[in-house]
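What follows is one structure encoded as structure tokens, with my remarks underneath.
Both backbone and side-chain heavy atoms feed into the values below; hydrogens, waters and symmetry mates do not.
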Amino acid sequence: MTGEPHIPTIDELIELPLPLDAQIAPGGEYVAYTVRTPDWKENAYIMQLWLAETAASSEPRQLTFAPQSSSSPRWSPDGKWLAFLAKRGDDKATQIYRLSPFGGEAERLTELETDVQTLLWSPDGKSIAFTATPPESAADKKRVEQYGDYAVEDGDYHHAHLWLLELDSKKVRRLTGGDDIHVTRFDWHPESRQLVFEAWPTPDFRDFTLSRLYCLDIATLRVTPVSPEGCASPYWSPDGKHIAFTRRGAKPYYDNQEIWVLPVNGGDMYSLAASFDEDPWLLAWRKEGIFFVAGQRTQTHLFLLDPEHDTVRQVTPEKTGWQCESYTFAHDYSLAAGVAADADHIAEVVLIATGDGTARRVTDFNSRVADWQLGNYEVIEWQSGDGTTIEGVLTKPANFDPEKQYPLLVVIHGGPTGTSSPTRLDFAERYYYPTHPWAAKGALILQPNYRGSAGYGRDFRALNVRNLGTGDYEDVISGVDALIAQGIVNPERVGAMGWSQGGYISAFITTYSDRFKAVSVGAGISNWVTYYVNTDIHPFTREYLEATPWDDPDIYTRTSPMSYIKNAKTPTLIQHGENDRRVPLPNAYELYQGLQDMGVETKLVVYKGMPHGIIKPRLARQVMHENYTWFNQWIWDEAAETPSAKVCYITPCSAQKRDDKDDLPALERYVSERIQDVFHWSRRDDADFRILSGEFGLLGADTQIPWYDHLLKPEEVSGLAGRVAEQIETQGLKEIVFYTGPLDKDANLYFYLACLQVAAGITGNVRIEHREINDFEA
């Protein structure tokens, strides 16, 4: 260790373990949680269960080790078992498993044909309620056999229903049915004889505003509706006589939702904490009161509502950047557990004493970034064009000098009811935008909480109604101008980027303004009409623009980036998921073609199979890398990446070769099927190709070589590695995929793998991934 700060690479950011879903044991002595890490080979994020003691200083220990993910740990009421979800071995779908946290193998409890989605132990510990869709019906199977696979829009739904697993007999029975309810959230009655649940009329996300509450009697299976539409997230009172829930406002996409209470045995439902000006998200109701979380400017806190006196108390500590969106509670509710981060700490499993709000960390992921050079956060505010006060997060380089001018990169959150927070290494900084490597290069990063952002009350969230694009742009550009006025920003080196609604604002910037040097549009809206007719949430547009395109085409025109396409001058990167239902792909193609027609430098990257977000680590790497090189090129004037810097497929030479004495191209000299296959895969994937020779090092497909009879020997590995390192450096190789046959069938392959690994170590900053061909689907 040199003690020098380390600038994190994109791979290191993605590989940083992310704790999730902290579940405290009923007695409060343990916390179970999941840790998410990437599996580069399988191109998937894998979650494993971990356990930490709350009283001792012992190290947390891993509970599951299966190649597949284990998620949703839930304690039994007696604290002896953890139920969780996993799909292992020959499982047809995600099943419920049970594991003793004190040792032993996991036991599978269900054998369903469809995925279990959510689960909850009954208070008496005798059963587990869960949600899942029913298996495919005989009629559905016959339809596919007769007509093939097709879908009828607004017709072919797979509704989730409630099921019950009786633990003694392992018997599973279905509790609800029909095509008129889709069960989302539910809670057990304290006496384990009833369930209250939230259901939508369909699984379409657009129908979340039509949710209602129902009570289910376990013995009779009688289902009774107990609320009007717009009610959600039900929780029983400790005595089982009341149900707390949230009720959405008339404009559910930006209105506050409120906390309401329903007397089960009769009487009118009534509201609580009506003056609380933000969205509360309920967590539990116990004798101490109703626990909920809510945003407060750039923080998210735990609150306790006293139903008797209708008063609200903030439980969690007031700390810059505090973010924790969910907590679980010990049986006596004196202790809560969650996954929290702040301006000084990345996400950790924390314990909160609910009495005085003191916090204590039980994990130590921060030690992994102790030597990383990260920027410093500061919350700033400025006045927008109409006088509205806008707040934002400014990240400064570690060695910031107020006398210097810096490039400025604006990173715009989605939503629009998202919030940027001074939280160390938040989700976007890990998986979308490499803000801290940019800060290390000498950039300021501004994350504006433009009008419509959550955390600032209902009226602020409504400020971009019929004012999308123009109002949002004013909030962004006024923040840029405020920093320029301070003399710390170079006005000629300003870029903007964002995903989802942040992508829309970025698209608006690229067509509406010439103030920016470069823009990146991630899953952004380019034309509100295109969006409206393609999205899975049509009501969103009708609510914010207060009209359909047919009722008021002018508002759709005024707020659409494409309306200003003839003004476009800014080099623009467009990134979009192929299967995005929220902001469908036509938005990307429309903007891309428009920019091309205007002669603007543009690049469109489509992520195969991806929905609205990027859910595979290799593609997250590409998103980050593409943004990093794009802004390095346009903001720092660095040369665009050359083709040699793309992924290179390498495979060892073979004993199978043509005996011609004249020189031959390497690909013709070696005739093994393995080498030919890897070459064709490189052509298919637009990758570079090399053959690793024990005599010549790295050979291109067309490199002329003589006949020779030589394979790499163990004593030659280090010498050849030095030559290969020079070739890697000269050829600019950064990402290498090394294909071999099965190592256990040919010992010589170990020597070639060792040679390449040593060469990469000598060169530095080169990543190697090894794949055995018999595991690769060609």
(request) Could you tell me whether R515 and D481 have a side-chain N and a carboxylate O separated by less than 4.0 Å? (result) yes

(request) Using a strict cut-off of less than 4.0 Å between a Lys/Arg side-chain nitrogen and an Asp/Glu carboxylate oxygen, indicate whether D536 and R582 qualify as a salt bridge. (result) yes

(message) Within the 4.5 Å heavy-atom criterion, are S506 and I412 side-chain neighbours or not?
(response) yes

(message) Taking the ring centre of each residue, are W634 and F516 less than 6.0 Å apart?
(response) no

(request) Indicate yes or no: does D552 engage R558 in a salt bridge with an N to O separation below 4.0 Å. (result) no

(message) Within the supplied structure, the quantity of interest is the number of heavy atoms (other residues, nucleotides, ligands) at a distance under 6.0 Å from K441 NZ; does it exceed 12?
(response) yes

(message) If the threshold is 4.0 Å, N to carboxylate O, is there a salt bridge linking R618 and E769?
(response) yes

(request) Sort out for me which residue in Q296, R297, E391 forms a side chain to side chain donor-acceptor pair (under 3.5 Å) with Y456. (result) E391

(message) Does E325, at its CD atom, have more than 12 non-hydrogen atoms belonging to other residues, nucleotides or ligands within less than 6.0 Å?
(response) no

(request) Evaluate whether atom OH of Y628 has more than 12 neighbouring non-hydrogen atoms of other residues, nucleotides or ligands under 6.0 angstrom away. (result) yes

(message) With a 4.0 Å cut-off on N to O distance, would you call D342 and R361 a salt bridge?
(response) yes

(message) Determine whether the aromatic ring centres of residues Y254 and Y544 are separated by less than 6.0 angstrom.
(response) yes

(message) So that I know where these two stand, are F631 and W438 an aromatic pair - ring centroids less than 6.0 Å apart?
(response) yes

(message) Tell me whether the count of non-hydrogen atoms from other residues, nucleotides or ligands lying under 6.0 Å of CZ in R458 goes above 12.
(response) yes

(message) When you compare the side chain of H413 with that of Y450, does any pair of heavy atoms fall below 4.5 Å?
(response) yes

